[in-house]
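Side-chain atoms are counted along with the backbone in the values below, which use heavy atoms only and exclude waters and symmetry mates. Residue numbers begin at 1 in each chain, while the letters A, B, ... track the order of the sequences.
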There are 2 protein chains.
Amino acid sequence: MITNKNCIIRLSRYKNALYRLQALGFVKVFSDNLADAVGVTASQVRKDFSIFGISGNKKGGYQIDLLLEKLNNILGKDRLQKVIVVGGGHIGSALMRYRGFEKEGIKIIAGFDIDPAKINRSNPVPILPLEEARIFIKTNGIRIAILAVPDIAAQQALDLICAAGIKGVLNFAPLRLKAPESCIVNYVNLEIELENLIYFVNVAEKTE
Amino acid sequence: MITNKNCIIRLSRYKNALYRLQALGFVKVFSDNLADAVGVTASQVRKDFSIFGISGNKKGGYQIDLLLEKLNNILGKDRLQKVIVVGGGHIGSALMRYRGFEKEGIKIIAGFDIDPAKINRSNPVPILPLEEARIFIKTNGIRIAILAVPDIAAQQALDLICAAGIKGVLNFAPLRLKAPESCIVNYVNLEIELENLIYFVNVAEKTE
DNA sequence: TTATTATTGTGAAAAATGGAACAATATGAT
DNA sequence: ATCATATTGTTCCATTTTTCACAATAATAA
Ligand SMILES: NC(=O)c1ccc[n+]([C@@H]2O[C@H](COP(=O)([O-])OP(=O)(O)OC[C@H]3O[C@@H](n4cnc5c(N)ncnc54)[C@H](O)[C@@H]3O)[C@@H](O)[C@H]2O)c1
Ligand SMILES: NC(=O)c1ccc[n+]([C@@H]2O[C@H](COP(=O)([O-])OP(=O)(O)OC[C@H]3O[C@@H](n4cnc5c(N)ncnc54)[C@H](O)[C@@H]3O)[C@@H](O)[C@H]2O)c1
């Protein structure tokens with residue numbers, strides 16, 4: 001079983017690159033084209049494919065449409081993924097207004113907020129009272145949530161949605177949360193991303 | 001020279017955990033406390049510290065204030081980091097309104113946009129016309145930028161700010177950009193983050 | 001048909017990362 | 001003052017990840 005997150009991220013990148021190549025009219029692709037497009041080595045591309053039993057043609061490369069089909073299958077993109085957002089503040093509402101997820105087969109179908117002033121049932125993505133989250137998650141069989149509440153509320157909100165059946169969370173609050181076995185939590189920590197960038201810029205500056 | 005991004009991310013996490021411990025009244029800390037707080041092994045903590053020549057006291061652990069000083073120094077937090085945002089749309093304005101960066105010594109001092117309707121010089125974080133970016137970057141010696149423009153505009157905007165002297169970019173547009181040697185580009189790709197989460201949730205579901 | 005060539009698929013090598021173990025040693029107890 | 005103990009710092013080991021290298025082979029050309 002593959003536990004290598006970077007490998008899966010590369011699969012997503014291959015997929016995105018393939019769509020671009022396809023849009024440019026290409027029908028087949030070689031491992032080194034894809035490597036260039038994504039910024040890895042050609043060996044890495046072939047190795048990644050071989051891990052998932054994806055094969056191409058000796059001397060013929062890979063047929064883009066078939067490759068995309070397989071990648072999409074691995075990445076679970078063969079069905080629409082319904083996602084909710086908890087917290088309709090700055091980040092939460094930016095995400096709910098973003099159209100880019102849909103072309104990836106990811107649809108944010110509702111937001112939830114504790115603040116009555118944020119509730120709006122007639123939005124393209126309705127924002128509902130937090131009390132309704134539990135039943136909404138259960139009724140619609142939602143598995144994935146984005147957590148965009150203030151730091152202080154994050155653990156409590158996580159507990160609530162996990163209890164309701166959420167299986168995966170993308171958390172924007174910059175702190176480590178405790179989740180049950182049944183739920184995977186991934187972190188987007190923009191402070192740390194910036195700090196990291198600053199570190200490497202400083203290093204580059206010193207060594208130049 | 002350290003090229004291990006994960007290692008630097010851990011330093012940020014140690015730092016954050018130390019502030020929390022300090023706020024709770026702790027004065028010293030042992031490698032295993034910190035390991036617990038951050039979710040790594042105690043060996044890892046000590047190894048990370050040793051890489052950067054940080055030492056504690058046999059049997060005495062590490063003194064939190066000294067440790068923080070050293071970590072902050074390594075992470076370049078001994079001086080305020082001024083950052084600009086290019087693109088004042090959904091993501092860009094969420095970031096500009098976010099107060100959380102300041103407590104990390106990161107200050108967004110201006111935004112830039114191509115759309116005249118977005119310009120606002122009297123905002124807490126002013127949004128200025130893109131034409132002014134070049135001179136602003138040079139005058140203020142800005143090194144770090146956040147790129148939050150539509151995908152189609154990202155490469156062009158990157159070229160502009162790199163030419164003006166930007167050394168590090170955190171890019172939100174979901175595509176690979178070409179940057180000169182002088183500029184590091186890191187990516188925040190939320191589509192891929194979600195895709196990744198979905199993959200691992202699917203795997204967990206299948207193997208349970 | 002046969003030779004040539006380009007490209008895959010993979011096993012082996014290398015590099016990077018992380019973890020375990022333990023000697024060294026400072027602290028506190030007796 | 002001596003001993004016992006806790007914790008670091010570092011070496012060594014295991015694992016993971018990436019790269020290398022090349023045999024296998026399909027496509028093309030002669
Ligand atoms: N805005 C940014 O640019 C940014 C950047 C980095 C990190 N973050 C993090 O993202 C999180 C959200 O930030 P934000 O700027 O969107 O905050 P925000 O204050 O704008 O929005 C938070 C929203 O959550 C709602 N809320 C509070 N408690 C809730 C609960 N228990 N359940 C449901 N909703 C609840 C609030 O009513 C509010 O609408 C924070 O943890 C923040 O640290 C934000
Ligand atoms: N909003 C989200 O939740 C979200 C999520 C994932 C990724 N993204 C990515 O982030 C980027 C920004 O998304 P958004 O939703 O904020 O878009 P947006 O359309 O709301 O905002 C983009 C802003 O950039 C400005 N702009 C356009 N060209 C410019 C240029 N050359 N220089 C400066 N400013 C320019 C526009 O006037 C607009 O104000 C996009 O690449 C998008 O794919 C956004």
Next on the checklist: Distance check needed: D/dT5 P versus B/Phe30 CZ, whole Å only.
Outcome noted: 17 Å

Checklist entry - What are the bounds, 5' to 3', of the part of DNA chain C that sits under 4.0 Å from heavy atoms of chain A? => result C/dT5 to C/dA12

Next on the checklist: With a 4.0 Å cutoff (strictly under), does any side-chain N or O of B/Ser50 reach OP1 or OP2 of D/dG9?
Outcome noted: no

Next on the checklist: Let's go through B/Tyr14 and B/Val29 carefully: what are the C-alpha distance in whole Å and the side-chain angles of both, what is the deciding distance for side-chain contact (heavy atoms from CB on, under 4.5 Å) to 0.1 Å, and is it a yes or a no?
Outcome noted: CA-CA 11 Å; B/Tyr14 300 147; B/Val29 70; over 6 Å; no

Checklist entry - Mind checking what makes salt bridge (Lys or Arg N to Asp or Glu O under 4.0 Å) contact with A/Lys28, not counting sequence neighbours? => result none

Checklist entry - Can you name the residues that form a ring pair (Phe, Tyr, Trp, His ring centres under 6.0 Å) with B/Phe101, not counting sequence neighbours? => result B/Tyr98

Which pairs of donor and acceptor atoms, one on a side chain in residues 57-64 of chain A, lie under 3.5 Å apart (sequence neighbours left out)?
unit_1, atom_1, unit_2, atom_2, d
A/Asn57, ND2, A/Gly61, O, 3.4
A/Gln63, NE2, A/Asp65, OD1, 3.2

Checklist entry - How is A/Phe49 classified with respect to the nucleic acid when contacts are heavy atoms under 4.0 Å: base, sugar-phosphate, or nothing? => result nothing

Identify all side-chain donor-acceptor contacts of residues 143-150 of chain A below 3.5 Å with residues at least two apart in sequence or on another chain.
unit_1, atom_1, unit_2, atom_2, d
A/Arg143, NH1, B/Asn202, OD1, 3.0
A/Arg143, NH1, B/Glu205, OE1, 3.1
A/Arg143, NH1, B/Glu205, OE2, 3.3
A/Arg143, NH2, A/Gln81, OE1, 3.2
A/Arg143, NH2, B/Asn202, OD1, 3.0

Checklist entry - Nearest-Å distance, CG (B/Asn57) to C1' (D/dT5)? => result 16 Å

Next on the checklist: Tell me every residue that passes salt bridge (Lys or Arg N to Asp or Glu O under 4.0 Å) with A/Asp48, counting only those two or more places apart in sequence or in another chain.
Outcome noted: A/Arg10

Item to check | All salt bridge (Lys or Arg N to Asp or Glu O under 4.0 Å) counterparts of A/Lys107, not counting sequence neighbours | outcome: A/Glu102

Next on the checklist: Suppose we screen for side chain to side chain donor-acceptor pair (under 3.5 Å). Which residues come up paired with B/Gln156, at least two apart in sequence or across chains?
Outcome noted: none

Checklist entry - Mind checking what makes side chain to side chain donor-acceptor pair (under 3.5 Å) contact with B/Asn72, not counting sequence neighbours? => result B/Tyr19

Pull out every protein N or O sitting under 3.5 Å from an N or O of nucleotides 28-30 of chain D, one pair per line with the distance.
none

Hey, can you pull the donor-acceptor pairs under 3.5 Å for the side chains in residues 157-179 of chain B, sequence neighbours left out?
unit_1, atom_1, unit_2, atom_2, d
B/Asp159, OD1, B/Gln155, NE2, 2.9
B/Lys167, NZ, B/Gly165, O, 3.4
B/Asn171, OD1, B/Ala173, N, 2.9
B/Asn171, ND2, B/Ala173, O, 3.0
B/Arg176, NE, A/Val38, O, 3.2

Checklist entry - Where along nucleotides 13-22 of chain D does protein come under 4.0 Å, by heavy atom, of base (B) or sugar-phosphate alone (S), with - for untouched nucleotides? => result ----SSBBB-

